[in-house]
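Presented below is the structure to which this report refers.
Just so you know, these numbers use all the heavy atoms, side chains as well, and skip hydrogens, waters and symmetry mates. None of these values were measured; they are calculated from a predicted model.
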Amino acid sequence: MSGFFSGLPGLPGLALILLFGFGGAGLTPETGTIPAGEVRRGYSARFDRLYADIAGQLITPDSAERAFAVLMTEVRASFKGGAACGPGPDAAYFVYPLRGYTAAGSVGGRGRGYRPKGFNLFDASVRGSHPAHDLFIRDRNRDNIDDLKCLPVDVLAFTSGLVLSVESDWEKDTLRRGGNFIWIYDPCLDGLFYYAHNSCITVEPGQWVLAGEKIAEVGRTGFNARRERSGTHLHLMCLKLTPEGLPEPFDTYPWLKEAAARRWSDESI
């Protein structure tokens, strides 16, 4: 992989210019210009439709790939991160996605669960890869409640970004593997983050979220995640964008190990 996360030049006619850098919570209204809510919701609606078509196998993989590249190139250009993001983020950029937890003891297999080979976002029939990490909570009786705190576990935004798609009405009779999920695009990293198996969702498509903000609660939704044999966990995947705007799995384990932890008592964002 050359560089960190590369970007594309802006598309003609787009006037939204972004000036921001790494550190802390990343892009904020104070450090850069975030596209207007109507623009963000438009991107989210298009992404949501495309992802639903892919999941329902209503579009061929080749057509899905082309449509995805066009959309994400437009999204990238409207933020225009580019070289302003620098060579890479520091540890303070990330917040560990489970409130009250750290990577030690919660990342499945100590990071060995990441298996990107064979991944294809555009073909819902492809199985076998796992380009993600499963972050487990203490839940021996499988009730979505932390065994020590006797509370649901908040899912926190790992980084700041734009909520592109949300599924919040998963039903146990469906075959959908991700259950209640969230897709978030981080323009500083030029990558997509996918949070799956949540019990409930607290954000909406088109919303801008900051690193450490509550976006969901850990759950057991999804075809496999709801089964008794499965430990209660958050499925976290990162897909960086290639220069062509296509998704490429990226291993977040080093980031997870360094991410700042939010205490149970810390309600700040």
Within-4.5 Å side-chain heavy-atom neighbours: T60 and D123 = no
query = Is there side-chain contact between L246 and L241, with heavy atoms separated by less than 4.5 Å?
reply = no
query = More than 12 non-hydrogen atoms from neighbouring residues, nucleotides or ligands closer than 6.0 Å to CD on Q57, yes or no?
reply = yes
note = One should read off an interatomic distance between I182 CD1 and Q207 CD, to the nearest 0.5 angstrom, of 9.5 Å
task = For the pair S44 and W183, evaluate side-chain contact (heavy atoms from CB on, under 4.5 Å) and give the outcome as yes or no after the intermediate values.
result = CA-CA 9 Å; S44 296; W183 281 99; over 6 Å; no
Donor-acceptor under 3.5 Å (D139 side chain, N144 main chain) = yes
ask   = Could you give the distance from CG (D251) to CE (M237), rounded to the nearest 0.5 Å?
value = 13.0 Å
query = Which atom pair, heavy atoms only, marks the closest approach of F79 to V75?
reply = CD1-O, 3.2 Å
ask   = What about I145 and L156, same hydrophobic cluster or not, with Ile/Leu/Val/Met/Phe/Trp/Tyr joined at side-chain heavy-atom distances under 4.5 Å?
value = no
request  = Report yes or no: does T252 contribute a side-chain atom to a donor-acceptor pair with the main-chain N or O of H133 at less than 3.5 Å?
outcome  = no
message = Do L256 and L236 make a side-chain contact, defined as non-hydrogen atoms from C-beta onward lying under 4.5 Å apart?
response = yes
key: Ring centres under 6.0 angstrom apart (H235, H130)   = yes
task = Using the six-membered ring wherever Trp is involved, compare the ring planes of Y194 and F181 and label them parallel, tilted or perpendicular (cut-offs 30° and 60°).
result = tilted
inquiry  = Can you tell me how the ring of W264 sits relative to the ring of Y101, calling it parallel under 30°, perpendicular over 60° and tilted otherwise?
reply    = tilted
task = Can you see which heavy atom on S165 is nearest to which on F47, and at what distance?
result = CB-CD2, 3.6 Å
remark   = When every non-hydrogen atom of A124 is compared with those of A55, the smallest separation belongs to CB-O, 4.0 Å
task = Look at the side chain of E74 and the backbone N and O of L71, then say whether any donor-acceptor pair between them is shorter than 3.5 Å.
result = no
remark   = Rounded to the nearest 0.5 angstrom, the OG-OH distance for S78 and Y43 is 3.5 Å
R110 charged N/C atom sitting above Y253 aromatic ring, 6.0 Å / 45° = no
ask   = Is any side-chain heavy atom of Y185 closer than 4.5 Å to a side-chain heavy atom of V163?
value = no
Intermediate values then yes/no, side-chain contact (heavy atoms from CB on, under 4.5 Å), Y51 and L121 = CA-CA 9 Å; Y51 189 64; L121 180 67; 4.1 Å; yes
inquiry  = Let's go through N224 and R229 carefully: what are the C-alpha distance in whole Å and the side-chain angles of both, what is the deciding distance for side-chain contact (heavy atoms from CB on, under 4.5 Å) to 0.1 Å, and is it a yes or a no?
reply    = CA-CA 9 Å; N224 288 320; R229 62 177 173 79; 3.5 Å; yes
message = Quick check against the 3.5 Å criterion: does R40 have a side-chain atom that pairs as donor or acceptor with the backbone of P35?
response = yes
note = In terms of heavy-atom contacts, E244 and T73 come closest through O-OG1, 3.7 Å
ask   = Looking at CD of E213 and OG1 of T202, how far apart are the two atoms once the value is rounded to the nearest 0.5 Å?
value = 7.5 Å
request  = Using side chain to side chain donor-acceptor pair (under 3.5 Å) as the criterion, point out the one residue from R220, H197, R142 that pairs with T232.
outcome  = R220
remark   = Taking every heavy atom of E217 against every heavy atom of V155, the minimum-distance pair comes out as C-CG2, 3.8 Å
key: Derivation of the side-chain hydrogen bond (donor to acceptor under 3.5 Å, both in side chains) call for S63 and R66   = CA-CA 5 Å; S63 295; R66 289 193 295 270; 3.3 Å; yes
query = Between R76 and D190, is the closest basic N to carboxylate O distance under 4.0 Å?
reply = yes
key: R115 charged N/C atom sitting above F119 aromatic ring, 6.0 Å / 45°   = no
ask   = Do L234 and D134 have side-chain heavy atoms sitting under 4.5 Å apart?
value = no
inquiry  = Side-chain heavy atoms nearer than 4.5 Å, only ILVMFWY residues, links allowed to pass through others: does that put L135 and Y114 together?
reply    = no
message = I'd like to know if the side chain of T159 and the backbone of F94 have a donor-acceptor N/O pair within less than 3.5 Å.
response = no
request  = Describe, in one word, how the ring planes of F193 and Y195 are oriented to each other, choosing from parallel (under 30°), tilted (30 to 60°) and perpendicular (over 60°).
outcome  = tilted
message = Are V126 and F122 connected into the same hydrophobic cluster when the rule is that any two of I, L, V, M, F, W, Y join if their side-chain heavy atoms are below 4.5 Å apart?
response = no
inquiry  = Quick one, V218 and L98 - any side-chain contact, counting heavy atoms below 4.5 Å?
reply    = yes
inquiry  = Taking CZ in R140 as the centre, count heavy atoms belonging to other residues, nucleotides or ligands within less than 6.0 Å. Is the count above 12?
reply    = no
request  = List the steps and the verdict of salt bridge (Lys or Arg N to Asp or Glu O under 4.0 Å) for R99 and D154.
outcome  = CA-CA 5 Å; R99 189 187 295 279; D154 291 342; 2.9 Å; yes
inquiry  = Using every non-hydrogen atom in the two residues, find where L148 and D146 come nearest and quote the distance to one decimal.
reply    = N-OD2, 2.9 Å
task = Taking E167 for its side chain and D169 for its backbone only, find out whether a donor-acceptor pair lies under 3.5 Å.
result = yes
inquiry  = Any non-hydrogen side-chain atom of S160 less than 4.5 Å from a side-chain atom of W208?
reply    = yes
request  = List the steps and the verdict of side-chain contact (heavy atoms from CB on, under 4.5 Å) for I59 and L50.
outcome  = CA-CA 9 Å; I59 185 173; L50 176 59; 4.1 Å; yes
request  = Report yes if the side chains of Y93 and C188 come closer than 4.5 Å at any heavy-atom pair, otherwise no.
outcome  = yes
task = Step through it carefully: locate the ring centre of W255, locate the ring centre of F250, and say whether they are under 6.0 Å apart.
result = yes
